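Each remark here refers to the structure printed beneath this line.
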2 protein chains.
Amino acid sequence: MGKVSTRQHIIERADQLFYERGFEATSFADIAQAVGISRGNFYHHFKKKDDLLDAVVERRMANTRMMLDQWASAFPEPKDRIRAFIQILIVNQAKIMAHGCPVGTLCAELAKLEHVAQNSARQIFGLFRDWLAEQFRSLGRTQGAEALALHLLGRSQGVTALAMAFRDPAFVETEVAALERWLDSIDQPALPQDQPS
Amino acid sequence: MGKVSTRQHIIERADQLFYERGFEATSFADIAQAVGISRGNFYHHFKKKDDLLDAVVERRMANTRMMLDQWASAFPEPKDRIRAFIQILIVNQAKIMAHGCPVGTLCAELAKLEHVAQNSARQIFGLFRDWLAEQFRSLGRTQGAEALALHLLGRSQGVTALAMAFRDPAFVETEVAALERWLDSIDQPALPQDQPS
DNA sequence: GTCTATATGGGGATAGAC
DNA sequence: GTCTATCCCCATATAGAC
C-alpha cells in the first residue's frame, strides 16, 4: 500500500497515454517523463514496447472484469446491469469525445498495424460481449442473447465514433436515451418452465 | 487521359495506404515505393506530410460527393438511396473487416494526434450526415431528419468497429438486416399539406 | 520532374557504472 | 533499481545535380 511499484506505475501511465495519444504515437520518452524515471530504467522493467503493450492490455482486462463484477454486485436486475453499461457513455462522455473508446480505438490501431496483440485486445470486447449476453439470457432471451449483446456493443461503439468526430454532447445524450428505450422495449418473456419438445 | 499525373498517383496510393496502415504508420518511403518514384521526387509535389494528408482528405471528400450523387441519380426513392448507404457494409465487407471505415478510423487517429486536419476529416462525415438527412426529409421526417441521419451513421460506424475487432461476416450481415428493418419501419407520414398554426 | 546524396531528429534498444 | 551514455535505424525534410 501507499507506494505502487515502478512497474505498476509505468503500466498505469502507459495505459493512459496509449488511450489518449495512441500506442504508436506514445514514445518511451513520453511514458518515462510521465512516470518520472529515465528511459534507461525503463528497459529494466520491459524489454520491448510490445511487452509493455501486453501488460497494458492485461491491466485493461483485469479492470474490465472488476467493473463488470462491481455492476453485477450493485444491481441484482439484469436490465439495471445493462443500463450501467449504457451509462458509461454518459459517465465517460468527456473522455470519449476527446479520445473515443479505449478498447475500440486500440483494436482499430492494432488491426492497421497487423500487430500480434490484436487477439488479446479483442478479448476485452469479448468480456463485454459475454457479460452482456449473460444479462440478456437472464432476461429470458436464451436464444439471441449473443446477437443482442453484439448489437448493443456495436451501438455503443458507433456512439463513441461519432462523439469523437463531432464532439456533440447532445448527440451522445440522444443516442443514450434511444438505447435505454431499446432496452426497455426488450420483451421479458415469462420464465420458461416448460420447454416444448 | 491515359496516364495520370505523378501528383495524382501519389495521392491515390497515399489514400490507400493511409486507410490500410494508418496515417502515421505510413512513411514516405512506403508511398514512394508504391508509386515507383524516389523519396526525393516526393518533396517536389508535397512539401510536408500534412500537405499530402490535406490532399488525401480532399480526394476523399470529392469521391464521397461523387458516390452520393451517383446514388441520387440511380435511385429516385429516398429509401433506396438510404439502402445504398447501408449496403456499403456488405459491398466493402472484406475491407471493413480488415481496416475499418476509412472515415471513422482517420478521424479517430487524427483526434488522438490532436492533428489540425481533424476538422477537414470530420467534414467527410458531414457529407454523409447532410445527404442522409436530406433523404429522411424527403421521407417526410422534416423535424428529426438530422438525428435520424446521425443515428444511422452511428449504427454503421458501430458495425465497422466490431467487424474490425471480431472479423465475423455473420455479425455484419445480421446488423445490416437489422438496419434495413429499421429503415422499413420508419413511418412515412402523409405529405404535410396543411401545417397547424 | 526526377534523381542521388545528405542533414537532422527521434524512436527503440543496449551496456555498464552506481 | 536507477541512472548516463551510446548505438543504430528510420522518419521527415533539404540541397543540388541531371
Side-chain angles (χ1 to χ4, degrees), chain A residues 1-57 59 106 109-110 112-118 120-121, chain B residues 1-57 59 106 109-110 112-118 120-121:
Chain A
M1 327 225 157
K3 192 165 174 297
V4 289
S5 69
T6 301
R7 183 189 160 87
Q8 203 57 30
H9 198 176
I10 290 172
I11 297 173
E12 285 169 18
R13 291 303 198 162
D15 187 354
Q16 182 189 355
L17 287 170
F18 287 175
Y19 172 44
E20 291 173 359
R21 307 184 189 175
F23 168 64
E24 273 227 326
T26 302
S27 70
F28 280 1
D30 295 332
I31 304 168
Q33 191 185 18
V35 174
I37 61 171
S38 69
R39 266 176 305 159
N41 186 359
F42 212 99
Y43 289 86
H44 175 71
H45 300 282
F46 299 96
K47 310 295 177 204
K48 296 184 301 179
K49 199 182 183 186
D50 286 357
D51 294 344
L52 175 56
L53 176 60
D54 288 341
V56 166
V57 170
R59 173 186 153 89
L106 180 64
E109 185 178 0
L110 297 183
K112 299 220 179 209
L113 296 175
E114 302 190 60
H115 197 285
V116 285
Q118 245 178 110
S120 341
Chain B
M1 321 225 163
K3 191 166 175 299
V4 290
S5 68
T6 301
R7 183 189 160 88
Q8 204 56 30
H9 199 176
I10 290 172
I11 296 173
E12 284 167 20
R13 291 303 198 162
D15 187 353
Q16 182 188 354
L17 288 169
F18 287 176
Y19 172 44
E20 292 173 359
R21 307 184 189 176
F23 168 65
E24 272 228 325
T26 302
S27 70
F28 280 0
D30 294 332
I31 305 168
Q33 190 185 18
V35 174
I37 61 172
S38 70
R39 267 174 303 158
N41 187 0
F42 213 101
Y43 289 86
H44 174 72
H45 300 281
F46 299 96
K47 310 297 175 204
K48 296 183 302 178
K49 198 182 182 185
D50 287 356
D51 294 344
L52 175 56
L53 177 59
D54 288 341
V56 167
V57 170
R59 172 185 154 88
L106 181 64
E109 184 178 1
L110 297 183
K112 300 219 180 210
L113 295 174
E114 301 189 60
H115 198 284
V116 285
Q118 242 177 111
S120 342

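Side chains included, hydrogens not; waters and symmetry mates left out as well; all remaining heavy atoms used. Proteins come first, then strands; the chains are lettered A, B, ... in the order of their sequence lines, and each starts at number 1. What you are looking at is a predicted structure, and each value in this text was computed from that prediction instead of being measured.
- The list of salt bridge (Lys or Arg N to Asp or Glu O under 4.0 Å) pairs with a residue in residues 34-43 of chain B, not counting sequence neighbours, is empty.
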Filtered N/O pairs between nucleotides 8-12 of chain C and protein, under 3.5 Å:
from	atom 1	to	atom 2	distance (Å)
C:dG12	OP1	A:Lys49	NZ	3.2
C:dG12	OP2	A:Phe28	N	2.8

Report, one pair per line, the protein and nucleotides 15-18 of chain D atoms (nitrogen or oxygen only) whose separation is under 3.5 Å.
none

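- For B:Leu53 and D:dA13, the CG to C1' distance is 17 Å, given to the nearest whole Å.
- Taken to the nearest 0.5 Å, the CD atom of A:Glu109 stands 9.0 Å off from the CD atom of B:Glu24.
- At the phosphate of D:dG1, OP1 or OP2 sits under 4.0 Å from a side-chain N or O atom of A:His44.
- Atoms NE2 and OG, from A:His44 and A:Ser38 in turn, are 11.5 Å apart once rounded to the nearest 0.5 Å.
- For an aromatic pair to be called close, the ring centres must be under 6.0 Å apart, and B:Phe28 with B:Tyr43 satisfies this.
- In this structure, CD1 in B:Ile31 is found 4.0 Å from CZ in B:Phe42, a value given to the nearest 0.5 Å.
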Side-chain donor-acceptor distances from residues 50-57 of chain A under 3.5 Å, at least two apart:
from	atom 1	to	atom 2	distance (Å)
A:Asp50	OD1	A:His115	NE2	3.0
A:Asp51	OD2	A:Lys48	N	3.4

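- What separates CZ of A:Phe46 from P of C:dT14 is a distance of 15 Å, to the nearest Å.
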Under 3.5 Å, sequence neighbours excluded: what are the donor-acceptor pairs made by side chains of residues 14-23 of chain B?
from	atom 1	to	atom 2	distance (Å)
B:Asp15	OD1	B:Arg60	NE	2.7
B:Asp15	OD1	B:Arg60	NH2	3.0
B:Asp15	OD2	B:Arg59	NE	2.9
B:Gln16	OE1	B:Arg13	NH1	3.4
B:Gln16	NE2	B:Glu20	OE2	3.2
B:Tyr19	OH	B:Lys95	O	3.2
B:Tyr19	OH	B:Gly100	O	2.6
B:Arg21	NH1	B:Asp30	OD2	3.3

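- Taking atom CD on B:Gln8 and atom P on C:dG1, their separation rounds to 13 Å, with Å as the unit.
- Under the side-chain hydrogen bond (donor to acceptor under 3.5 Å, both in side chains) criterion, A:Gln118 pairs with B:Arg167, sequence neighbours left out.
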